> 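What follows is a single structure, and I will ask about it in a moment.
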Amino acid sequence: MARERYNFREAEPRWQKAWEAAGSFEAGPADGRPKAYVLEMFPYPSGRIHMGHVRNYAMGDLVARYKRARGFNVLHPMGWDAFGLPAENAAMAKKIHPGQWTYDNIATMRGQLKTMGLSLDWSREIATCHPGYYRHQQKLFTEFMKAGLVDRKEAWVNWDPVDLTVLANEQVVDGKGWRSGAPVEKKKLSQWVFRITEFADELADALDGLERWPDKVRLMQKNWIGRSEGMRMRFALAGRQDELEVFTTRHDTIFGASFMAISPEHPLAAELASDDPELSGFIADCQRMGTSEEVIERAEKLGYDTGLFAIHPFDGRKLHVYVANFVLMEYGSGAIFGCPAHDQRDLDFARKYGLAIFPVVIPQDADVATFKVVDEAYKGDGRIGNSDFLDGMTVEEAKNEVATRLEAMGRGTRTVNYRLRDWGVSRQRYWGCPIPVIHCGDCGIVPVPDDQLPVELPQDVTFDKPGNPLDHHPTWKHVACPSCGGDARRDTDTLDTFVDSSWYFLRFCSPRDDAPMDKEAVGYWMPVDQYIGGVEHAVLHLLYSRFFTRALKRCGYVDFDEPFAGLFTQGMVTHETYKGPDGIWLEPSEVERDADGTVRAIAGGGAVSTGRSEKMSKSKKNVIDPERIIAEYGADTARWFMLSDSPPERDLEWTDAGVAGAHRFVQRLARMVGDALDDLPAPGSAMPGEFSEAAMTLRSAVHKAIDGVTGDIEAFHFNRSVARIHELANAVGGFVPADAADRWAQREALESLVLLVNPMMPHLAEEMWHVLGHAGLAADAPWPVADAALVVEETITLGVQVNGKMRAKLAIARDASREAVEAAALADDNVQRAIGELSVRKLIVVPNKIVNIVVG
RNA sequence: GCCCCAGUGGCGGAACUGGUAGACGCGGCAGACUCAAAAUCUGUUUCUCGCAAGGGAGUGGGGGUUCGAUUCCCUCCUGGGGCACCA
């Protein structure tokens with residue numbers, strides 16, 4: 001009998017209130033259950049939630065609710081990554097305080113998230129811009145200082161000329177600032193760094209143990225850390241007391257050296273430039289050159305002959321020392337020996353300046369006497385030649401020999417070099433965590449003592465001039481030195497916001513504790529069992545958090561190394577893009593599709609060109625507002641669609657048809673339960689002793705679905721879970737009960753369906769659970785268990801191939817004997833026709849899979 | 001340039017360690033219900049030859065291993081991502 005349509009507008013808020021009233025999702029203390037810490041990357045409060053958030057939290061909530069149903073004590077918290085530049089930009093544009101802007105946004109977004117019906121423990125909510133959070137971060141900073149993990153470095157930094165702040169290497173994307181997009185300049189500044197390089201080896205090695213991380217992310221981190229084994233060699237300089245140190249991984253090619261090159265930022269270059277105007281002009285030119293891809297691609301190798309000579313350690317040759325634009329100060333020692341025959345850059349340089357090219361690695365099939373390198377450096381393997389005592393050795397043997405000899409001579413050491421740099425954390429910004437340090441003329445650098453924490457941000461700041469408002473503030477920076485009481489000055493820089501997100505997952509374990517974290521709570525909940533977020537954080541946030549955890553371990557706060565045991569990186573939500581006749585981007589709501597598929601603008605009817613589906617972005621106007629979707633279709637529909645169409649790790653294309661389909665399924669499930677209701681036995685009725693064949697078929701479908709969905713959720717194949725639930729719904733929908741036992745099976749099927757759907761569409765599940773006569777919450781119901789006997793089919797369909805071509809399908813008992821299978825296969829008419837006059841050469845039977853008859 | 005990943009119907013995608021390619025959804029087509037429409041339900045839907053039974057082709061291209069390849073190997077093409085003057 002027909003029931004009313006399921007009214008999600010009324011039901012969703014009702015169940016949200018029911019969960020809240022029951023405190024269903026507040027994580028309790030350790031009880032007998034195993035724990036599961038499920039976390040999605042916390043959002044930046046930019047203003048409103050977007051579809052990426054919806055996808056992220058739909059997945060996280062699925063995992064959290066599933067784990068709860070499986071009997072885990074679940075921690076599933078939410079917070080706000082609330083410091084950052086957009087708040088200051090808003091302050092400038094709208095004359096509103098960054099704090100005000102941020103807290104307003106948090107209120108809006110919290111409200112939006114609550115309409116999604118997520119199983120979050122809101123009692124643990126934190127915001128990184130709150131002094132109750134950042135005071136602990138300041139404490140940790142001073143602890144890191146004590147532990148020698150913080151350095152103050154005068155260094156060449158990446159300077160964003162638009163945001164007027166320093167950027168970490170990780171924040172320079174293609175030579176441009178990751179936020180402003182402005183070409184990054186080089187600037188020498190004194191700033192605070194975290195000594196992440198001290199952990200480079202460990203951070204790289206431990207990646208192998210992160211088995212539940214995507215290989216891709218592990219590889220990206222590994223490449224980012226960029227370990228390379230080589231040696232540091234010191235060359236004597238003719239006529240000088242000091243030496244020139246270079247880093248190389250190709251010491252086997254030492255006899256191929258024909259010049260030396262140092263970076264324009266090398267101290268020796270600076271020294272020589274002081275009385276050489278031409279050289280200082282050359283250095284200035286180099287620094288003006290950008291670091292973007294295009295510039296580097298086109299840039300010519302340029303050098304300046306300093307007139308100095310380095311002495312070859314083995315044959316005493318004098319090698320010209322150049323200042324060269326392609327040598328990086330930040331890598332190795334900022335100096336190289338040039339071996340043109342075996343390095344393309346060195347070769348380009350040598351050809352430009354007419355320097356000698358000595359091949360010293362000879363390919364297997366080439367002859368030492370005739371092998372020449374002309375346009376292309378030889379980077380392959382071979383035997384060493386033209387190299388005195390190294391002649392005839394392999395590359396590896398030669399490396400060893402050179403290293404051993406140089407070490408004996410005191411001219412070199414074997415070493416490991418990393419691409420990874422220390423993490424510069426000073427930012428010349430207002431809306432961040434103040435660095436708890438005071439500069440005193442007499443005492444030097446003094447950390448702010450614990451009893452003076454937090455160093456709070458002043459409220460009365462102005463944003464009317466460029467640069468750092470904290471520095472402009474009339475009084476804030478002037479303080480008494482905690483050590484001598486004299487006049488001193490606060491550090492006016494704030495911490496990179498990536499520091500805020502490097503430990504928030506620890507704070508969630510004891511969010512209101514007086515200390516940064518409670519060791520017992522952290523010990524119980526950590527590590528995060530399942531972390532979910534976008535790949536864009538593969539190196540930045542995830543690497544910093546791994547470092548931070550190790551640093552905290554050194555300071556005695558935690559006793560583990562890795563914060564995230566399981567990581568899942570979800571794909572983006574994309575949408576088709578539309579461009580109107582005038583070349584202007586149009587919103588999806590501004591276009592319509594004709595019956596024949598052509599797209600035109602609603603206003604004016606002009607032809608619209610459709611672009612490929614891309615990540616939703618305001619600039620391309622291909623954005624769908626989740627709030628509108630939830631209002632129109634409900635949270636369950638939005639969540640179901642997010643999980644349906646694509647594998648979670650891949651991009652998901654948002655389509656109106658897809659959402660409409662998801663919504664139809666919501667209504668169909670509700671209708672199915674309503675229609676069956678009147679004839680069902682009471683909940684918990686005893687299982688009948690016997691079932692009809694139809695009932696057994698249904699029960700088998702039910703238990704296979706339970707088994708399959710469970711496996712798919714565990715493996716993060718949510719789209720397959722969805723497909724299986726559809727299959728089950730089809731089976732239940734097509735079932736017509738004839739007797740009481742059938743109706744028992746029907747209830748079993750409907751209840752299983754509700755419980756399987758519960759982690760994905762929790763409101764609908766609660767509603768149906770209630771309609772089915774249960775007093776408790778579906779959120780508290782245990783996960784259904786598959787009966788193994790019903791999962792396995794008695795009769796299977798076996799394919800029969802003749803010479804690898806499928807010719808017939810046999811219905812046969814599972815685990816039938818080989819003889820029976822062979823006989824049945826050969827008895828088939830189609831098989832006989834395919835064999836024809838030919839004779840059977842071989843008969844392959846793969847039990848329960850396939851039969852292949854080879855004839856000839 | 002180096003390193004990864006992906007390529008399957010009209011579309012999104014299934015196919016676990018080599019074993020019945022196309023599950024499930026979207027869209028299409030046909031039908032039922034209806035005065036009609038919407039909604040819903042049923043059937044059908046890789047291409048191709050055939051009335052049918054049945055045959056042929058088919059997982060980006062080419063080659064290989066195998067009784068058997070979407071799956072493994074080589075090679076090329078296309079798309080995406082990461083790194084990049086890293087010595």
Side-chain angles (χ1 to χ4, degrees), chain A residues 2 5 174-175 214-217 219-224 226 228 230 246-251 253 261 291 293 295-297 299 301 324-328 330-339 342-346 348-349 417-419 535-536 538-539 597 612-613 641 644-647 649-653 655-662 664-665 667-668 671 708 711-712 715 717 719-727 729-730 733-734 796-810 829-830 833-834 841-856:
Chain A
R5 279 168 67 84
D174 192 16
D215 291 342
K216 181 185 170 175
V217 174
L219 187 67
M220 279 166 69
Q221 290 209 358
K222 196 176 171 196
N223 291 341
W224 188 266
S228 49
V246 305
F247 173 75
T248 180
T249 57
R250 291 305 302 273
H251 29 298
T253 65
T291 49
E293 189 183 339
V295 175
I296 287 166
E297 200 100 306
K301 304 278 173 288
N325 65 346
F326 65 92
V327 182
L328 304 173
E330 305 87 41
Y331 188 77
S333 60
I336 60 158
F337 77 77
C339 176
H342 306 292
D343 182 287
Q344 193 59 46
R345 289 158 306 170
D346 296 351
D348 295 345
F349 189 82
N417 200 53
Y418 300 93
R419 217 190 70 103
V535 243
E536 65 272 23
V539 274
R612 73 185 181 92
S613 199
F641 175 66
S644 294
D645 260 14
S646 292
E649 67 279 7
R650 272 201 242 169
D651 289 352
L652 170 76
E653 186 176 1
T655 60
D656 291 343
V659 186
R664 272 202 299 279
F665 188 66
Q667 293 297 344
R668 185 175 165 219
R671 211 180 318 115
D712 286 337
H717 294 154
N719 55 322
R720 291 208 313 219
S721 308
V722 166
R724 286 184 205 274
I725 289 169
H726 270 286
E727 269 176 327
N730 289 342
I796 55 165
T797 313
L798 199 63
V800 184
Q801 300 178 330
V802 178
N803 280 352
K805 273 194 193 294
M806 195 57 59
R807 295 298 174 183
K809 284 169 190 184
L810 297 179
D829 287 349
N830 255 327
R833 197 175 322 132
R841 292 273 156 87
K842 204 169 166 188
L843 221 157
I844 293 151
V845 177
V846 183
N848 299 327
K849 292 222 163 125
I850 208 160
V851 179
N852 192 6
I853 302 169
V854 185
V855 298

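Just so we're clear, the structure is a prediction, and the values are computed from it rather than from any experiment. Every chain is numbered from 1, with letters handed out A, B, ... down the list of sequences.
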> Verify the contact: side-chain N or O of A:Asn730 to OP1 or OP2 of B:C24, cut-off strictly under 4.0 Å; return yes or no.
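Answer no for this pair, as no side-chain N or O of A:Asn730 is under 4.0 Å from OP1 or OP2.
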> Is the phosphate of B:A39 approached by A:Arg668 (side-chain N or O, under 4.0 Å from OP1 or OP2)?
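Indeed not, no polar side-chain atom of A:Arg668 lies that close.
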> Taking the side chain of A:His726 as its heavy atoms from C-beta onward, which of B:G25, B:G19, B:G13 lies nearest to it?
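Looking only at heavy atoms from C-beta outward on A:His726, the closest nucleotide is B:G25.
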> For the atom pair CD1 (A:Ile336) and CZ (A:Phe326), what is the distance rounded to the nearest 0.5 Å?
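A:Ile336 atom CD1 to A:Phe326 atom CZ measures 4.5 Å (nearest 0.5 Å).
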> Under 4.5 Å between any side-chain heavy atoms of A:Ile850 and A:Met806, yes or no?
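Yes, close enough: below the 4.5 Å cut-off.
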> Need one value for A:Asp343: base, sugar-phosphate or nothing, where a base atom within 4.0 Å counts as base even if backbone is also close, heavy atoms only.
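Nothing, no heavy atom under 4.0 Å.
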> Within the 4.0 Å heavy-atom criterion, would you say A:Glu653 contacts the bases, only the backbone, or no part of the nucleic acid?
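The residue A:Glu653 makes no contact with any strand.
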> Taking the C1' atom in each of B:A6 and B:G60, what is the distance between them to the nearest angstrom?
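After rounding to an integer number of Å, I get 11 Å for this pair.
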> B:G54 phosphate, OP1 or OP2: any side-chain N/O from A:Lys805 under 4.0 angstrom?
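Looking at the OP1 and OP2 atoms of B:G54, neither is under 4.0 Å from any side-chain N or O of A:Lys805.
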> What distance, rounded to whole Å, do you find between the two C1' atoms, one in B:C26 and one in B:C77?
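That atom pair is separated by 30 Å.
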> So, is A:Arg664 near the phosphate of B:C26, with a side-chain N or O under 4.0 Å from OP1 or OP2?
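For A:Arg664, the contact criterion (side-chain N or O under 4.0 Å from OP1 or OP2 of B:C26) is met.
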> Given atom CD1 of A:Ile796 and atom P of B:G19, what is their separation to the nearest angstrom?
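These atoms are roughly 15 Å apart.
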> If you assign each of A:Gly799 and A:Ser333 to its closest nucleotide in RNA chain B, which residue comes earlier from the 5' end?
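With A:Gly799 and A:Ser333 compared, the 5'-side residue is A:Gly799.
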> For nucleotides B:G13 and B:G19, find the distance between their C1' atoms and express it as a whole number of Å.
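Approximately 22 Å lies between the C1' atom of B:G13 and that of B:G19.
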> Would B:G18 be called syn or anti, given that syn covers angles within 90° of 0?
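The base of B:G18 is oriented anti (glycosidic angle more than 90° from 0).
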> Would you mind classifying the nucleic acid contact of A:Arg841 as base, sugar-phosphate or nothing, using non-hydrogen atoms under 4.0 angstrom?
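Since no nucleic acid heavy atom lies under 4.0 Å of A:Arg841, the category is nothing.
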> Looking at A:Asn417 and A:Gly332, what are the two nearest heavy atoms and their distance?
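The answer is ND2-N, 3.3 Å.
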> Is any side-chain nitrogen or oxygen of A:Asn830 closer than 4.0 Å to OP1 or OP2 of B:G54?
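It does, given that an N or O in the side chain of A:Asn830 lies less than 4.0 Å from OP1 or OP2 of B:G54.
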> Rounding to an integer number of angstrom, what distance separates B:G58 and B:G9 when you compare their C1' atoms?
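Per the computed distance, 10 Å lies between those C1' atoms.
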> Does B:A53 have OP1 or OP2 sitting under 4.0 Å from an N or O in the side chain of A:Arg833?
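For B:A53, OP1/OP2 do not have a side-chain N/O of A:Arg833 under 4.0 Å.
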> Which nucleotide sits closest to the side chain of A:Ile850: B:A14, B:G25, B:G19?
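Side chain of A:Ile850 sits closest to B:G19.
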> Among B:C41, B:A87, B:U20, which nucleotide has an atom closest to any side-chain atom of A:Lys809?
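Among B:C41, B:A87, B:U20, the one nearest the side chain of A:Lys809 is B:U20.
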> Using 0.5 Å steps for rounding, measure from the CZ atom of A:Arg419 to the CH2 atom of A:Trp224.
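Going from the CZ atom of A:Arg419 to the CH2 atom of A:Trp224 covers 4.5 Å.
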> So what does A:Lys216 touch, heavy atoms closer than 4.0 Å: a base, only the sugar-phosphate, or nothing?
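Since only primed, P, OP1 and OP2 atoms lie under 4.0 Å of A:Lys216, the category is sugar-phosphate.
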> Considering only the P atoms, how many Å lie between B:U78 and B:G61, rounded to the nearest integer?
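Result for the P pair: 15 Å, nearest Å.
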> Need one value for A:Thr797: base, sugar-phosphate or nothing, where a base atom within 4.0 Å counts as base even if backbone is also close, heavy atoms only.
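It contacts base atoms.
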> Tell me whether the OP1 or OP2 atom of B:G56 has a side-chain N or O from A:Arg807 closer than 4.0 Å.
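For B:G56, OP1 or OP2 has a side-chain N or O of A:Arg807 closer than 4.0 Å.
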> Under a 3.5 Å distance rule, please check whether A:Asn719 uses its side chain to pair with a backbone N or O of A:Asp645 as donor and acceptor.
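Between the backbone of A:Asp645 and the side chain of A:Asn719 there is no qualifying donor-acceptor contact (under 3.5 Å).
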> Using a cut-off of 4.0 Å on non-hydrogen atoms, how would the nucleic acid contact of A:Leu219 be classed: base, sugar-phosphate, or nothing?
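Sugar-phosphate, backbone atoms only, no base.
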> Touch check for A:Thr248, heavy atoms < 4.0 angstrom, all strands: base, sugar-phosphate only, or nothing?
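Sugar-phosphate, no base atom in range.
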> Suppose you measure atom P in B:U75 against the same atom in B:C5; what distance do you get, rounded to whole Å?
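Pairwise P distance, B:U75 against B:C5, rounds to 15 Å.
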> Contact class for A:Val327 vs. all strands (heavy atom < 4.0 Å): base, sugar-phosphate, or nothing?
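Result for A:Val327 = base.
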> Is there a salt bridge (charged side-chain N to carboxylate O under 4.0 Å, His left out) between A:Asp712 and A:Arg724 once you walk through the steps?
CA-CA 9 Å; A:Asp712 286 337; A:Arg724 286 184 205 274; 2.6 Å; yes
> Using a heavy-atom cut-off of 4.0 Å across all strands, would you classify A:Val854 as base, sugar-phosphate, or nothing?
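If one applies the 4.0 Å heavy-atom cut-off, A:Val854 turns out to touch the sugar-phosphate alone, with no base involved.
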